[in-house]
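Here is the structure we will look at.
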Amino acid sequence: MNMKRTRLHTIPNGLTPTEREIMQRWDDGMTIEQIAATTSYREIYVRKVLHTFSDSLEDLAAERHVRSASDQLLAAIQTYQRNRYQPIEQGRAA
């Protein structure tokens, strides 16, 4: 009997506690470097776990980039709208 296979089947979702911790930190928005810095895991191990259990590390990074850009655009639009409708300061010529 293959001990590794048996062990993985007894772990919920097929992940060890370490792998779950890394994946949770990734899902929370941490970078590979941040995960390694805030845990005792080396960057190469973090990358290996993410590569193994993520659909595609590149797709996830691209999705984060798009999400970040969208958040920045929304903030800029909201700032523009707030500033656009503010009254002109008193004492300034119209």
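Positions are given from 1, in the same order as the sequence printed here.
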Heavy-atom neighbours of Leu73 CG exceed 12 at 6.0 Å: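 Yes - once you tally the heavy atoms of other residues, nucleotides and ligands closer than 6.0 Å, there are more than 12.
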Which residues share a side chain to side chain donor-acceptor pair (under 3.5 Å) with Thr38, sequence neighbours left out: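 Thr38 satisfies side chain to side chain donor-acceptor pair (under 3.5 Å) with Arg25 only.
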Pairing residues for Thr79 by the side chain to side chain donor-acceptor pair (under 3.5 Å) criterion, not counting sequence neighbours: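 Counting only residues at least two positions away or on another chain, Thr79 forms a side chain to side chain donor-acceptor pair (under 3.5 Å) with Arg82.
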Spatial distance of atom CD (Glu43) from atom CG (Leu50) [nearest 0.5 Å]: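 Result: 11.0 Å between the selected atoms.
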Euclidean distance, Arg20 CZ relative to Asp27 CG, rounded to 0.5 Å: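 It comes to 13.0 Å.
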Partners passing side chain to side chain contact (heavy atoms under 4.5 Å, CB included) against Gln34 (at least two apart in sequence or in another chain):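 Gln34 satisfies side chain to side chain contact (heavy atoms under 4.5 Å, CB included) with Met30, Thr31 only.
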4.5 Å side-chain heavy-atom contact, [X] and [Y]:
X	Y	result
Arg47	Tyr41	no
Glu21	Pro17	no
Ile44	Lys48	no

Exercise: identify the closest heavy-atom pair between Ile22 and Val46: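 Looks like CG2-CG1, 4.0 Å.
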